[in-house]
Amino acid sequence: MIACSDRLRYVHSDIRGPLYQEALRMEAEGTPVLKLNTGNPARFGFALPASVRGALIAHVDEAVPYCDVKGMKAAREEICAYHIEKGLQGVSPDDVFIGNGVSEVASMLMEALIGTGDEILLPSPCYSLWSNNAYLCEGVPVFYRCDPANHWNPDLEDMERKITPKTKAILVINPNNPTGVLYGRDTLLAIAELARKHGLVLLADEIYDRLVMDDLVHESLAALAPDLPCITFNGLSKSHIICGFRCGWMIFSDPNGELQAVKDGVMRLAAMRLCGNALTQLVIPAALKDSASTRAMMVPGGRLYEQREATIRGLDAIDGASYEKNDAAFYLFPALDANRFRFESAGDFCMKFLHECQVLMIPGTGFDWQEDLRFRIVMLPEPAQLKEAMEKLGEFLQHHRW
Ligand SMILES: Cc1ncc(COP(=O)(O)O)c(C=O)c1O
């Protein structure tokens with residue numbers, strides 16, 4: 001047997017892990033499963049916006065050659081304008097790297113920033129892209145606690161306690177996956193202050209910034225920390241329903257040039273893969289001008305809004321389940337009262353729910369959350385289907401009470 005590289009020792013993506021494999025096995029045997037494991041809207045009938053389709057068709061010939069290593073100029077210009085509009089200062093199209101999803105540019109940044117033994121502060125719960133990249137770089141993910149009792153805001157004392165001489169960066173995922181909450185200005189300013197005090201780089205994963213509900217407004221971390229080195233991540237997978245296109249970017253805001261070496265490193269990594277997928281970049285200018293199609297999903301009568309309402313109405317009827325209502329995206333991260341149900345772990349709960357009710361959800365442990373018995377619901381099916389799934393959950397839990 002040829003050994004797998006040791007660097008993969010801790011890498012795991014539970015969203016597509018053993019529970020998912022079990023769901024696929026069940027489906028192969030003829031049992032349909034409602035798969036609420038991935039945030040992939042087009043799987044649930046969300047349509048490609050006309051703006052995106054039009055731009056792709058109109059410009060397809062421009063995507064035939066390799067494009068610029070950092071990404072097509074027109075796309076980088078539009079991205080830069082988008083972030084300036086959100087308050088980023090001193091940035092130019094030259095500070096933008098476009099890649100095959102936030103996933104790819106996040107990997108490039110982490111490889112360029114984090115070396116063996118370097119520590120990076122990540123949220124718990126966390127979207128596993130970031131922890132996995134820390135492991136791959138032989139860095140050390142150090143988790144700061146987000147507090148369900150404080151609308152899942154980061155516990156700033158915990159964050160500061162965990163800063164050591166080896167800490168290099170703080171990652172903020174806002175709006176958050178898996179909790180779906182939006183952090184307000186005070187929280188972001190306090191995080192920036194910690195970064196300022198301890199000389200840390202800020203990483204802001206803001207892929208859900210356009211998917212905000214309840215008349216709330218997303219504020220960019222980099223805009224609130226104009227004096228600090230910050231890398232902001234964003235993309236079109238969710239806001240424009242094009243997960244499969246693989247379209248994401250990062251933008252460096254770096255007023256004092258502290259990130260120059262890291263940026264040069266990213267450039268070398270980007271050059272290794274020649275360029276990102278050029279087809280997806282064609283749609284960026286049109287998509288960023290089309291905020292209306294995203295907005296329509298987030299307001300009363302819109303799908304994401306109504307799906308959240310259907311889910312929480314269903315959860316409200318379940319004794320022993322609690323949740324913090326999400327403000328954004330399409331995730332909820334509810335808890336079950338562990339003293340009232342006969343589950344050994346969150347994983348045990350999810351496996352039994354999958355087997356008995358044919359609904360796949362991912363346990364909190366898949367998001368580096370160990371504290372209590374939690375799971376993530378992806379609220380992408382139509383309201384009626386989510387209502388039914390919550391009714392199934394209620395009945396299932398009746399059978400598993402002590
Ligand atoms: C918080 C967060 N960041 C990044 C990504 C990756 O997105 P993509 O690679 O499709 O741009 C996701 C996908 O679910 C996410 O939830």
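Counting starts at 1 for both ligands and their atoms, in listed order. Along the sequence shown, residues carry numbers from 1.
- Screening T179, D316, T311 for a side chain to side chain donor-acceptor pair (under 3.5 Å) involving Y323 leaves a single residue, D316.
- Scanning the protein heavy atoms around atom 12 (C) of ligand 1, the nearest turns out to be Y127 CE2, 3.4 Å.
- Looking at Y208 against ligand 1, only its side chain comes within 4.0 Å, counting heavy atoms.
- For a threshold of 3.5 Å applied to N or O pairs, the pair formed by S103 and ligand 1 contains at least one separation below that value.
- Checked by atom type, the side-chain pair Q281/N277 shows no donor-acceptor distance below 3.5 Å.
- Donor-acceptor pairing under 3.5 Å is recorded for the side chains of T164 and E119.
- In this structure, S107 OG and W130 CH2 are separated by 8.5 Å, a value rounded to the nearest 0.5 Å.
- The ligand atoms of ligand 1 that sit less than 4.0 angstrom from a heavy atom of N177 are 1 (C), 15 (C), 16 (O).
- Note on ring orientation: taking the six-membered ring where Trp is involved, the planes of F353 and F349 are parallel (angle under 30°, cut-offs 30° and 60°).
- Of the heavy atoms in V102, both backbone and side-chain atoms come closer than 4.0 Å to ligand 1.
- Within the 4.0 Å heavy-atom shell around ligand 1 one finds K238.
- Closest to atom 1 (C) of ligand 1, if we only count protein heavy atoms, is D205 OD2, 3.3 Å.
- Here W152 and F333 bring their ring centres to under 6.0 angstrom of each other.
- Between D214 and R308 there is a salt bridge, since at least one side-chain N of the basic residue sits less than 4.0 Å from a carboxylate O of the acidic one.
- Annotation for ligand 1: atoms under 4.0 Å from non-hydrogen atoms of S237 are 8 (P), 10 (O), 11 (O).
- Of the N and O atoms on the side chains of H218 and K86, at least one donor lies less than 3.5 Å from an acceptor on the other residue.
- For ligand 1, the polar-atom distance check against I207 finds no nitrogen or oxygen pair separated by under 3.5 Å.
- Counting heavy atoms under 4.0 Å from ligand 1, residue R246 touches it through the side chain alone.
- G101 counts as a contact of ligand 1, since one of its heavy atoms falls under 4.0 Å from the ligand.
- Distances below 4.0 Å separate heavy atoms of I173 from the following atoms of ligand 1: 1 (C).
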